[in-house]
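Proteins get letters first, then strands, A, B, ... in listed order; numbering begins at 1 in each.
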Protein chains: 2
Amino acid sequence: MKPSKPVVEDYLKTIYAHTEWQADAITPSALAVRLGLAPSTVTEMVKKLAAAGLVSHVRYGAISLTETGRAKAVAVVRRHRLVETWLVREMGYSWDEVHDEAEVLEHAISDRLLASIDERLGHPDRDPHGDPIPAANGSVRRERAVLLEEAERGHTGTVLRISDRSSALLRDLEASGIDVGSTVSVDEGAVLLGSTRVELPADAGTAIWLSA
Amino acid sequence: MKPSKPVVEDYLKTIYAHTEWQADAITPSALAVRLGLAPSTVTEMVKKLAAAGLVSHVRYGAISLTETGRAKAVAVVRRHRLVETWLVREMGYSWDEVHDEAEVLEHAISDRLLASIDERLGHPDRDPHGDPIPAANGSVRRERAVLLEEAERGHTGTVLRISDRSSALLRDLEASGIDVGSTVSVDEGAVLLGSTRVELPADAGTAIWLSA
DNA sequence: GCTACAGTTTCGGCATGCCGAAATCTGTCG
DNA sequence: CGACAGATTTCGGCATGCCGAAACTGTAGC
């Protein structure tokens with residue numbers, strides 16, 4: 001598989017991310033927001049991606065990945081998550097520091113180097129935030145998970161995944177004692193961790209996934 | 001020090017490389033050849049670099065680095081060589097395989113990650129090809145060295161440095177038993193390694209440096 | 001069934017980095 | 001000293017990725 005330009009990889013990765021834990025295809029405007037670009041820019045790029053067979057898109061409709069596009073996206077995600085895991089396990093990074101570094105390295109690392117890293121780490125299948133690391137063949141382990149925001153009050157589960165998007169949030173959570181693997185119950189705008197009630201920042205609702 | 005764009009780093013690195021083992025400033029045409037670009041492109045870019053205070057250049061003249069430019073160039077070289085050392089020492093690369101990977105990673109690695117790598121390796125001061133690794137403060141250990149091509153017949157010295165530019169050459173040399181640290185005598189279009197005469201590829205003359 | 005509006009696309013424009021052809025300069029040789 | 005060769009620069013052009021303003025769609029609500 002030929003490597004794509006960083007910009008293309010970012011588009012594919014973002015489209016993929018949108019469907020990883022939910023189901024629906026992404027709209028151009030949502031994609032623009034996620035990428036921090038103007039909608040018109042996204043329209044143009046999506047047209048090129050469609051011409052390249054990476055994405056399918058009908059005018060005024062939502063965007064989804066083709067098989068080829070999905071394969072490329074998964075490869076980028078694999079690189080990102082293996083790099084994050086490596087940074088934490090071997091290079092002395094904490095989990096809230098790895099995102100930006102991985103964001104750059106995911107576009108720079110060769111297959112050869114990635115294989116070395118994977119090997120050294122013993123082929124891990126989760127990164128430090130609980131995200132599944134796609135296998136080299138593109139298969140991704142999938143679990144039933146509920147976004148905290150969408151969980152009903154009283155729901156109890158273990159924290160399966162915490163988005164690495166905001167490092168401030170990760171530090172907050174760490175300070176509150178919430179980590180991947182913690183068991184919590186959902187309360188109104190907060191969460192019960194054992195017997196203590198923990199208030200959460202506003203963006204936690206869309207960043208934490210619990211087991212069903 | 002603000003990071004520069006990859007293109008700018010490549011220009012600075014190449015200008016620096018030209019003066020690292022010799023003395024004279026580089027001409028626009030030589031720079032164009034090294035970078036694989038048209039001379040007109042180099043002229044334009046050099047104008048921008050000069051405006052940014054990274055390079056000094058008078059019309060129709062040679063190009064040299066300002067103090068700021070040198071500092072940035074040295075930082076890139078440091079990243080490149082530390083990455084190469086890391087790839088060989090920890091990631092199972094051989095010395096002829098590291099160049100291309102380092103060429104990409106030198107633009108992608110943060111100061112934070114570089115510091116971790118440096119630390120893990122115990123602050124090495126040479127890379128696998130014998131090139132000095134600039135210190136974090138920008139100082140570079142310098143040795144008296146003679147380019148093989150310019151060494152007189154009969155000159156005997158140890159191999160201090162072998163350019164990593166051509167991996168084919170590195171493999172040839174390895175097969176011939178020539179490595180950094182080998183002691184050789186210069187003969188006509190060849191070299192004496194102990195008592196065996198070793199013919200060298202044409203490009204070896206500009207790739208190998210011997211102790212004076 | 002029609003209309004309004006939110007979302008999407010088109011269009012002209014801008015910056016960057018590159019190229020080739022043409023103009024210009026410099027140093028050298030006669 | 002003057003003209004030539006080779007190096008350098010200028011100039012017009014091209015591709016990419018981005019933007020804002022304006023034109024267009026499709027659907028939700030009346």
Side-chain angles (χ1 to χ4, degrees), chain A residues 2-15 18-19 22-66 69 72-73 76 103-104 106-108, chain B residues 2-15 18-19 22-66 69 72-73 76 103-104 106-108:
Chain A
K2 220 177 324 171
S4 303
K5 277 186 276 195
V7 206
V8 172
E9 292 186 343
D10 283 336
Y11 274 82
L12 297 179
K13 182 185 61 171
T14 306
I15 297 167
H18 190 261
T19 49
Q22 309 180 81
D24 47 334
I26 194 170
T27 62
S29 51
L31 186 50
V33 170
R34 285 298 192 88
L35 291 169
L37 299 173
S40 57
T41 303
V42 169
T43 298
E44 284 168 348
M45 192 62 187
V46 165
K47 200 186 298 177
K48 290 175 196 163
L49 296 178
L54 298 172
V55 129
S56 48
H57 177 233
V58 288
R59 278 168 56 105
Y60 299 100
I63 301 151
S64 54
L65 296 171
T66 61
K72 281 185 186 276
V76 177
E103 204 64 27
V104 176
E106 70 188 7
H107 304 299
Chain B
K2 219 178 324 171
S4 303
K5 275 186 277 194
V7 206
V8 171
E9 292 186 343
D10 283 337
Y11 275 82
L12 297 179
K13 182 186 60 169
T14 306
I15 298 167
H18 190 259
T19 49
Q22 309 180 77
D24 48 332
I26 194 170
T27 61
S29 50
L31 186 49
V33 170
R34 285 298 193 87
L35 291 169
L37 300 173
S40 56
T41 304
V42 169
T43 298
E44 286 168 346
M45 193 63 186
V46 164
K47 200 187 300 177
K48 290 176 198 163
L49 296 179
L54 297 172
V55 130
S56 48
H57 178 234
V58 288
R59 277 167 54 107
Y60 300 100
I63 301 151
S64 55
L65 296 171
T66 61
K72 280 185 187 276
V76 177
E103 204 63 27
V104 176
E106 69 188 8
H107 304 299

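No donor-acceptor contact under 3.5 Å links the side chain of T41(A) to the base of dG17(D). Between the base of dG7(C) and the side chain of S29(A) there is no donor-acceptor pair shorter than 3.5 Å.
Atom-to-atom, CG of L37(B) to P of dG20(C) comes out at 11 Å; the value is rounded to the nearest Å. For K48(B) and dT9(D), the NZ to P distance is 14 Å, given to the nearest whole Å. Rounded to a whole Å, the CG atom of L35(A) is 13 Å from the P atom of dG17(D). In this structure, K47(B) places its NZ atom 14 Å from P of dG17(C), rounding to the nearest Å. Distance, L31(B) CG to dT8(D) P: 10 Å, rounded to whole Å. Look at NZ on K5(A): it is 13 Å from C1' on dT16(C), rounded to the nearest Å. To the nearest angstrom, C1' of dG17(C) lies 12 Å from CG of L49(B). One interatomic measurement links the two molecules: OH of Y11(A) to C1' of dT16(D), which rounds to 11 Å at whole-angstrom precision.
Between G61(A) and P28(A), the closest heavy-atom pair is O-CD, 3.6 Å. Scanning all heavy atoms of the two residues, the minimum distance from V42(B) to Y11(B) falls at CA-OH, 4.0 Å.
For the pair T27(B) and E44(B), nearest-nucleotide mapping onto DNA chain D gives the more 5' position to T27(B). With DNA chain D read from its 5' end, the first of the two nearest nucleotides for V8(A) and Y60(A) is the one closest to V8(A).
We find the OG1-CD1 distance between T14(A) and I26(A) to be 7.0 Å, quoted to the nearest 0.5 Å.
A donor-acceptor contact closer than 3.5 angstrom is absent between the side chains of S56(A) and T66(A).
Comparing atom distances between the S40(B) side chain and each of dT8(C), dA21(C), dG17(D) picks out dA21(C) as nearest. Comparing dT10(C), dG20(C), dT9(C) against the side chain of P28(A) picks out dT9(C) as the nearest. Closest to the side chain of H57(B), from the set dT10(C), dT9(D), dG17(D), is dT9(D).
Judged by distance alone, the side chain of K47(B) and the main-chain N or O of H57(B) form no donor-acceptor pair under 3.5 Å.
An OP1 or OP2 oxygen of dT26(C) is reached within less than 4.0 angstrom by no side-chain nitrogen or oxygen of R59(B).
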